Amino acid sequence: AAVTFGASARQPGKGYRGFLDWSNDVRSEDTGLDGGNETLFYTGFSTSHGYQFNPWVYVGAGFGIEKCTRYDLHLFPVFVHGRTDLQFGRFTPFGEIRLGYNLTDDGGVYFAPNIGYRFNWGRKMGVNVGVGVTLQGIKTHLYEMKDTPDGYWYLEEKGTRHDCRACFSFRVGIDF
């Protein structure tokens, strides 16, 4: 059997609706070494489940997990998910916002607005492709290098600071 994607999707119906997405985030970070920047890639999945109130308004809750492809860094958000599906003739764009809390890196805000396109995939399923921005709240530990009288040095913690990482996001997923 062949799977085909229509040029447009039917509007979602009232009732339960779920999402399963492959999530990808890219960000550039200052390494602090001679003004160099490093590009970090995160990949993983997210899922959301909730209620479709009418063809345009969905509200649900979900979680995700992403891992940095280069270092042992993770993103684990829990969030409230709001989405609107539009239809202009055969054109079926969507907009969504995920707002919640990042449970890694000592926690912080998680905010991920996204826009994209929904393709029909059968009677009650759709394939979603979207791009956006992900803001990850983190807590950064601040250190100061100190010298000892015998010529050695050590790091002394000076406190913490709340920071926000901004990432370009790309998601591909299904809704059911």
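Note that the coordinates shown come from a computational prediction; the quantities given were computed from them, not determined experimentally.
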What heavy-atom pair brings N102 and Q136 nearest, and what distance separates the two atoms?
ND2-CB, 4.3 Å
Partner of Y58 under ring pair (Phe, Tyr, Trp, His ring centres under 6.0 Å), picked from Y51, F19, F53, is F19
Begin from the C-alpha positions of D21 and S23 and carry the test side chain to side chain donor-acceptor pair (under 3.5 Å) through to its verdict.
CA-CA 6 Å; D21 298 311; S23 302; 5.6 Å; no
When rounded to the nearest 0.5 angstrom, what is the spacing between CG in L99 and CZ in F111?
7.0 Å
Nearest 0.5 angstrom please: L73 CG to K67 NZ, how far?
7.5 Å
Would a distance-only check, ignoring hydrogens and angles, find a side-chain to backbone donor-acceptor pair under 3.5 Å from E156 to K158?
no
Is I138 reachable from I65 through a run of hydrophobic residues whose side-chain heavy atoms are each under 4.5 Å from the next?
no
Distance from I115 atom CD1 to T84 atom OG1, nearest 0.5 Å?
13.0 Å
Give me the atom names and distance for the closest heavy-atom approach of P12 to R17.
CG-NH1, 3.3 Å
When you measure from the side chain of T92 to the backbone N and O of R118, does any donor-acceptor pair fall under 3.5 Å?
yes
Just one of T43, T134, T69 clears the side chain to side chain donor-acceptor pair (under 3.5 Å) bar with N24, so which one?
T43
When you group the ILVMFWY residues by side-chain heavy-atom contacts below 4.5 Å and let the links chain together, are L86 and F119 in the same group?
yes
Derivation and outcome, side chain to side chain contact (heavy atoms under 4.5 Å, CB included), residues H81 and S46:
CA-CA 11 Å; H81 184 189; S46 63; over 6 Å; no
Test: D85 and R83 ion pair at under 4.0 Å:
yes
Y152 atom OH: more than 12 heavy-atom contacts under 6.0 Å
no
For L103 and V78, run side chain to side chain contact (heavy atoms under 4.5 Å, CB included): C-alpha distance rounded to whole Å, both residues' side-chain angles, the deciding distance at 0.1 Å, then the answer.
CA-CA 8 Å; L103 298 174; V78 291; 4.1 Å; yes
Residues F79 and T47: closest non-hydrogen pair is CZ-O, 3.8 Å
Walk me through it: do N128 and Y117 pass the test side chain to side chain contact (heavy atoms under 4.5 Å, CB included)?
CA-CA 6 Å; N128 301 284; Y117 193 81; over 6 Å; no
Can you find a heavy atom in the side chain of L40 that is under 4.5 Å from one in the side chain of Y71?
yes
V129 with M125, same ILVMFWY side-chain cluster at under 4.5 Å
yes
Under the salt bridge (Lys or Arg N to Asp or Glu O under 4.0 Å) definition, can you give me all pairs with a residue in residues 45-66, not counting sequence neighbours?
none
Flag yes if F76 and Y110 sit in one hydrophobic cluster, no otherwise; membership is Ile, Leu, Val, Met, Phe, Trp, Tyr, and two members link when side-chain heavy atoms are under 4.5 Å apart.
no
Kindly indicate, with the supporting measurements, whether the criterion side chain to side chain donor-acceptor pair (under 3.5 Å) is fulfilled by E96 and N114.
CA-CA 5 Å; E96 66 181 359; N114 198 17; 2.9 Å; yes
On a heavy-atom basis, which atom in L20 and which in F45 lie closest, and how many Å separate them?
CD1-CD1, 4.2 Å
Roughly how far, to the nearest 0.5 Å, is CG of L75 from OH of Y42?
7.5 Å
Can you say whether the rings of F176 and Y16 are parallel (under 30°), tilted (30 to 60°) or perpendicular (over 60°)?
tilted
Group every Ile, Leu, Val, Met, Phe, Trp and Tyr by side-chain heavy-atom contacts under 4.5 Å, then state whether I174 and V131 land in the same group.
yes
Would R70 and F41 count as a cation-pi pair here, with the cationic atom under 6.0 angstrom from the ring centre and within 45° of the axis?
no
Does the pair R165 and D163 meet the rule for a salt bridge (Lys or Arg N to Asp or Glu O under 4.0 Å), with working shown?
CA-CA 7 Å; R165 295 177 181 154; D163 288 325; over 6 Å; no
Kindly give the heavy-atom pair with the smallest separation between M145 and L155, and that separation in Å.
CA-CD2, 4.0 Å
Under 3.5 Å, is there a donor-acceptor pair linking the side chains of T160 and H162?
no
Using a strict threshold of under 4.0 Å (side-chain N to carboxylate O), is an ion pair present between R27 and E38?
no
Test item: Q52 side-chain N/O and V57 main-chain N/O as donor-acceptor pair under 3.5 Å:
yes
Does the pair R171/D25 count as a salt bridge with the N-to-O cut at 4.0 Å?
no
